[in-house]
Amino acid sequence: MRTLFITGGAGFIGSALVRLLLAESDWRVVNIDKLTYAGNLESLAAVADSERHLFVQADVADRAAMDELFARHRPQGVIHLAAESHVDRSILGPAEFVQTNIVGTYVLLEAVRAYWSGLAEDERSRFRFHHVSTDEVFGSLGPQGLFSETTAYDPRSPYSSSKAAADHLVRAWYHTYGLPVVVTNCSNNYGPYQFPEKLIPLMVLNALAGKPLPIYGRGDNVRDWLYVDDHARALRLAFERGQAGATYCIGGNAERTNLEVVDRLCALLDELRPRGEGRRYGELKTFVTDRPGHDRRYAIDAGHIRRELGWAPQESFDSGLRKTVAWYLENSQWVAHVQSGEYRQWVRQNYSERRA
Ligand code: NAD
Ligand code: TYD
């Protein structure tokens, strides 16, 4: 059986990828995650019993732990998603971002290189180290233009600059040591199981609780939204079929201002869970002080991955947002456990005996 390491597989995108791989491929997945506040094994409840899924609680910056895992499981590749991922947190405390996103990626690359160097020639060329990154490394767009694989790096936040540093390390390991890497840079994701610090789940849960919906600045910053399962499909394709040394930009072709996103969410909630007494969720919108260094606009040209690997998103923004709102309404237990912190207990009760 072929084995694949996924780092950060208890996070939002990593858990979507693990669920996809277990449902639609024959990979055996070793899921390596430190379980920070963002790691939630309850998001993997559906695959907890799978024989092809092994969860290991470990830090990618722990070289001894990584070496031991490579020696024990001998994977054919790695998809590296583990990271600190929230821009606002990076502004409040950049240290963890430097540690996990830069140092962690460096340590993992060195552990991978040591293991990969010892493989037979044909195994070495088939191996892939796939680094999952963001379009935020490219900085901020004006009203026109799109990011693509040739856009110069210009990161502005501690988060995006730490991801940019990691991207540079990964490409350096390709050019210097010949490690067969793939890098993907994706736009903003949304969908089920996203931690409610990010725009879309935060707005849904605040609205349901009757709390203010905090819109930074004037709400006219633009993001290009992609449904998380579409990203997971793109990651699988890039990992399995991507050229060594290649970069693929991934995006939803769904640019919206933040205000448009919040208005659409409010309209969906008015339809699916009316507040009653003639009140509308839109009344909760509140304009608050802008995020420092707030990037104006992100938008992706995904032509390369479409042409080379045949990828295209399956969800439109409208269909994906409706599914997402419905998911948060139907999964009140997942939400309640995240809000109370109980999801951390769930890990101990359900996974302790399976930890390596
Ligand atoms: P997330 O914050 O939901 O999950 C990150 C996961 O990494 C968590 O499970 C956490 O426990 C784990 N982790 C953190 N530090 C670790 C460490 N030192 N060792 C092992 N595990 C660790 O993030 P996400 O939104 O799922 O993003 C996943 C990846 O995709 C990140 O690399 C992010 O930069 C990238 N990305 C995210 C988006 C987005 O919109 N969310 C868009 C493009 C790219
Ligand atoms: P976020 O989900 O944090 O993603 P990123 O900063 O990585 O793009 O934010 C998406 C957009 O929404 C961004 O322009 C900031 C804005 N935003 C708000 O207006 N209010 C909020 O409470 C949050 C979390 C984000």
Side-chain angles (χ1 to χ4, degrees), residues 6-18 31-41 43-44 56-62 65-66 79-91 96-97 99-101 103-105 107-108 131-137 140 156-157 159-160 162-164 166-167 184-191 193-203 206 212-226 228 231-232 234-235 249-252 256-259 261-262 285-291 293-298 300 347:
I6 304 248
T7 73
F12 165 53
I13 300 169
S15 67
L17 179 61
V18 170
N31 181 351
I32 301 165
D33 196 296
K34 184 180 172 183
L35 296 179
T36 67
Y37 79 93
N40 184 349
L41 285 174
S43 305
L44 292 163
V56 180
Q57 184 172 11
D59 186 337
V60 292
D62 179 343
M66 294 306 110
I79 307 182
H80 175 40
L81 297 102
E84 289 292 335
S85 69
H86 188 41
V87 174
D88 292 326
R89 282 182 192 258
S90 81
I91 296 168
E96 281 301 311
F97 289 74
Q99 175 57 28
T100 285
N101 300 0
V103 178
T105 300
V107 171
L108 184 63
H131 175 62
V132 178
S133 190
T134 165
D135 62 354
E136 304 191 23
V137 298
S140 185
R156 314 290 183 93
S157 73
Y159 164 67
S160 56
S162 68
K163 291 295 291 186
D167 294 10
T184 50
N185 295 93
C186 187
S187 65
N188 285 62
N189 284 215
Y190 69 99
Y193 302 98
Q194 188 168 29
F195 196 83
E197 62 187 356
K198 306 277 168 58
L199 178 73
I200 288 176
L202 180 107
M203 293 296 171
N206 275 19
L213 308 180
I215 299 164
Y216 299 162
R218 293 201 305 268
D220 53 2
N221 298 64
V222 173
R223 298 292 183 261
D224 173 0
W225 292 96
L226 180 67
V228 66
H231 188 193
L235 293 177
C249 282
I250 305 168
R256 297 288 186 281
T257 66
N258 293 334
L259 198 52
V261 171
V262 174
K285 286 189 296 187
T286 310
F287 291 89
V288 300
T289 310
D290 209 353
R291 170 189 281 173
H294 195 173
D295 288 336
R296 194 91 217 116
R297 174 171 166 258
Y298 303 143
I300 284 274
V347 171

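Since we're looking at a predicted model, the values are computed, not measured. Counting starts at 1 for both ligands and their atoms, following the listed order. Below, all heavy atoms of this structure are taken into account, side chains as well, without hydrogens, waters or symmetry copies.
Not a single N or O atom of W225, backbone or side chain, sits closer than 3.5 Å to an N or O atom of ligand 2. At a 3.5 angstrom cut-off on N or O pairs, R223 counts as close to ligand 2. Remark: ligand 2 and H294 share an N or O pair separated by less than 3.5 Å (distance only, no angle test). Any N or O atom pair closer than 3.5 Å counts here, and Y298 shares no such pair with ligand 2. In terms of polar-atom proximity, P214 is counted as a contact of ligand 2, with an N or O under 3.5 Å from an N or O of the ligand. Of the N or O atoms in N188, one or more lie within a sub-3.5 Å distance of an N or O in ligand 2.
Applying the 4.0 Å criterion to heavy atoms of K198 picks out, from ligand 2, the atoms 2 (O). Heavy-atom contacts of H86 reach the following atoms of ligand 2: 3 (O) (cutoff under 4.0 Å). Shown in contact with I215 at under 4.0 Å from a heavy atom are these atoms of ligand 2, numbered in order with element: 19 (O).
Salt bridge present: R296 and D220 bring a charged side-chain N and a carboxylate O closer than 4.0 Å.
D62 is linked by a side-chain hydrogen bond (donor to acceptor under 3.5 Å, both in side chains) to nothing, counting only residues two or more places apart in sequence or in another chain. Every residue two or more places apart in sequence or in another chain that forms a side-chain hydrogen bond (donor to acceptor under 3.5 Å, both in side chains) with N31 is listed here: H53. Considering only residues two or more places apart in sequence or on other chains, Y37 meets the side-chain hydrogen bond (donor to acceptor under 3.5 Å, both in side chains) condition with R89, E197.
Residue-level contacts of ligand 1 at the 4.0 Å heavy-atom threshold are G8, A10, G11, F12, I13, D33, K34, L35, T36, A38, G39, A58, D59, V60, L81, A82, A83, S85, T100, V132, S133, T134, Y159, K163, C186, S187, N188, N189.
Of all heavy-atom pairs spanning G9 and L44, the tightest one is O-CD1, 3.4 Å. Summarising the geometry of A10 relative to L35, their closest heavy-atom pair is CB-CD2, 3.7 Å, with the distance given to 0.1 Å. Heavy-atom minimum distance, S140 versus R297: OG-N, 3.6 Å.
With a 4.0 Å cut-off on non-hydrogen atoms, L202 touches ligand 2 through its side chain and not its backbone.
Closest to atom 25 (C) of ligand 2 among all protein heavy atoms lies Y216 CE1, 3.5 Å. Ranking the protein heavy atoms by distance from atom 10 (C) of ligand 2 puts L199 CB, 3.9 Å first. Nearest to atom 12 (O) of ligand 2 among the protein's heavy atoms is N258 ND2, 3.4 Å. Of all protein heavy atoms, the one lying nearest to atom 7 (O) of ligand 2 is E136 OE2, 2.5 Å. Closest protein heavy atom to atom 6 (O) of ligand 2: R291 NH1, 2.5 Å.
S133 is listed as a side-chain neighbour of N185, based on a closest heavy-atom distance under 4.5 Å.
Within the model, atoms CE of M66 and CG of L108 stand 7.0 Å from one another, a figure rounded to the nearest 0.5 Å.
Here atom 24 (C) of ligand 2 lies nearest to E197 when heavy atoms of E197, R218, R89, Q194 are compared.
In summary, the side chains of Y159 and E84 do not present any donor paired with an acceptor at a separation below 3.5 Å, with no hydrogens or angles considered.
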